[in-house]
Trainee: 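Take a look at this one; I'll ask things after.
Everything quoted here is computed from the prediction, not taken from an experiment. We name chains A, B, ... by the order of the sequence lines, and we start the count at 1 in each one. Worth knowing before you read on, the calculation uses all heavy atoms, side chains too, and leaves out hydrogens, waters and symmetry mates.
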Number of protein chains: 2
Amino acid sequence: MSVGHTGVTTEPVVSCGDEHEDCGIREVLDRIGDKWSVLVVVELAQGVRRFRQLQRAVPGISQRMLTLTVRRLERDGLVTRTVHPMVPPQVEYELTAMGHSLTYLVKALTDWSAEHRDAIAQARQEWDAAYPDSGIR
Amino acid sequence: MSVGHTGVTTEPVVSCGDEHEDCGIREVLDRIGDKWSVLVVVELAQGVRRFRQLQRAVPGISQRMLTLTVRRLERDGLVTRTVHPMVPPQVEYELTAMGHSLTYLVKALTDWSAEHRDAIAQARQEWDAAYPDSGIR
DNA sequence: CTGCATCCTGCATGATACTG
DNA sequence: CAGTATCATGCAGGATGCAG
C-alpha cells in the first residue's frame, strides 16, 4: 500500500518475531488486564456461581463492575449466564471450556508472581532508596 | 456476619485455593497489565535496545510513556538501564534474568491468545448480533 | 436477588514544548 | 539522542438510586 520512499520501508519486525506488531498480546491483556476479570475467572474456576456469590467472593468489586465484568466474559465466550425464571431471580455463571483453559494461563500468572514477588519487592525497595524523589511508582 | 438460613452457608473457598483473597494475581497484573510494559518486554527479549530503538519498535508509544514504562520495569528489577557517557547520549536497556523469566509468561499469553483468538472473535460477533444495543464492549 | 441508569472522580495515557 | 515538565483528556471504576 504505497509505503513511500522516506526510508521507512523496512518493516518493523517488531515483537516476538512471529506475527504483526503486537503479536496479539494486546488482545489477551485487554481481556484479562482489567481490574476484575481474572479474579472473577478464578472464582468461577471453583464451580458455578450466582451473582451475589461472586460479589461476595471478590471483595471490593461493585455491583456495577461485576455486571460489566461478567457481561464481557460472557460476550467473549468465556462464561455462560443461565437465568432461572423464579422469584427471587436466580442467575448462574459458569466457565465455558475456553474459560477453563484460561485458568491455566492464570495459574502461570500466579506461579510467576509467587516466584518473583520477593525479588520484585526487594528491587523496588532498593530503587526507592536510591531515587527517593523519582516520582515513579 | 450472621449468614442467615438461606443455604448459602458454604464457605466461598475463594481464589485459587492457596492464598488469601486474590492470590497475588493483582501484583503481576499491575505490572504487566498496563498498556505498554509487555510490548517493551517483548522487544527487549530480542536483545539490548536503546531508547529510540524501543520507541520505534513499539509503534504508538509516546516518549513519556516509554520513559515511565522502562523506569517502572527498572524499578521492579526486570530491566537494567546503562548510560554510556557520550555525545550524543546513549542509554541501553536490557532484560535482567527475572525480566527474561517474564518472557516465558508472555509466551504463555501469546500462545493462549493465538489459540483462542478466533473463538473469541466469533463469540463476540454472535453476542453482538444477539444484543446489538447492549452497550457492552 | 439481579441488574440497569446516572452522576462523579481519579488515574493512566496522550500531546506538546523545553533541556542537556 | 534521551529525557523532563506541563497541560489536557478519556475512560475505567466507584457511589447511589431505582426497577423487575
Trainee: Run the side chain to side chain donor-acceptor pair (under 3.5 Å) test against B:D111 and tell me which residues pass, sequence neighbours left out.
Mentor: B:K107
Trainee: Between the main-chain N or O of A:G99 and the side-chain N or O of A:T96, is there a donor-acceptor pair closer than 3.5 Å?
Mentor: yes
Trainee: Using OP1 and OP2 only, check whether a side-chain N or O of A:Y93 sits under 4.0 Å from C:dC1.
Mentor: no
Trainee: Under 4.0 Å from any heavy atom of chain B: name the first and the last nucleotide of DNA chain D that qualifies, 5' to 3'.
Mentor: D:dC1 to D:dT6
Trainee: Would you call B:R26-B:D30 a salt bridge at under 4.0 Å N-O?
Mentor: yes
Trainee: Do A:R117 and B:E27 sit within salt-bridge range, that is, some charged N less than 4.0 Å from a carboxylate O?
Mentor: yes
Trainee: Test of understanding: with side chain to side chain contact (heavy atoms under 4.5 Å, CB included), list the residues that count as partners of B:V87, not counting sequence neighbours.
Mentor: none
Trainee: Using side chain to side chain donor-acceptor pair (under 3.5 Å) as the criterion, list what pairs up with B:Q122, not counting sequence neighbours.
Mentor: B:E126
Trainee: Please list, one pair per line, the donor and acceptor atoms closer than 3.5 Å that link side chains of residues 61-74 of chain B to other protein atoms, with sequence neighbours excluded.
Mentor:
unit_1	atom_1	unit_2	atom_2	d
B:S62	OG	B:M65	N	3.2
B:T67	OG1	B:Q63	O	2.9
B:T69	OG1	B:M65	O	2.6

Trainee: Quick one: A:L29 CG to C:dT13 P, roughly how many Å, whole number?
Mentor: 11 Å
Trainee: Mind checking side chain to side chain donor-acceptor pair (under 3.5 Å) for A:E94 and listing every partner two or more places apart, or none if nothing turns up?
Mentor: none
Trainee: Give every residue pair that meets the ring pair (Phe, Tyr, Trp, His ring centres under 6.0 Å) criterion with at least one member in residues 44-94 of chain B, sequence neighbours excluded.
Mentor: none
Trainee: For A:A123, give me all partners under side chain to side chain contact (heavy atoms under 4.5 Å, CB included), at least two apart in sequence or on another chain.
Mentor: none
Trainee: In whole angstroms, how far is the P atom of C:dC4 from the CG atom of A:L68?
Mentor: 8 Å
Trainee: Closest-nucleotide mapping onto DNA chain C: is B:P89 or B:S134 further toward the 5' terminus? I mean the 5' end.
Mentor: B:S134
Trainee: Expected output is a numbered-order residue list: members of residues 70-81 of chain B with a heavy atom under 4.0 Å from any atom of DNA chain D. What is it?
Mentor: B:R71, B:R81
Trainee: Could you go over nucleotides 14-16 of chain C and give all protein N or O partners under 3.5 Å, atom names and distances?
Mentor:
unit_1	atom_1	unit_2	atom_2	d
C:dG14	OP1	B:K35	NZ	2.9
C:dG14	OP2	B:W36	NE1	3.1
C:dG14	N7	B:R64	NE	3.4
C:dG14	O6	B:R64	NE	3.3

Trainee: Look at A:R49 together with A:E92 and state whether they make a salt bridge at an N to O cut-off of under 4.0 Å.
Mentor: no
Trainee: Quick one: do A:D128 and B:R75 make a salt bridge, cutoff under 4.0 Å?
Mentor: yes
Trainee: Please round to 10 degrees the angle between the axis of the first five pairs and the axis of the last five pairs in the helix from C:dC1-D:dG20 to C:dG20-D:dC1.
Mentor: 40°
Trainee: Which ring pair (Phe, Tyr, Trp, His ring centres under 6.0 Å) pairs, counting each pair once, include a residue from residues 113-137 of chain B, with sequence neighbours left out?
Mentor: B:W112-B:H116, B:W127-B:Y131
Trainee: Rounded to the nearest angstrom, tell me the gap between atom CG in A:L66 and atom C1' in C:dC1.
Mentor: 12 Å
Trainee: Report the distance from atom CZ of A:R50 to atom C1' of C:dC1, rounded to the nearest whole Å.
Mentor: 7 Å
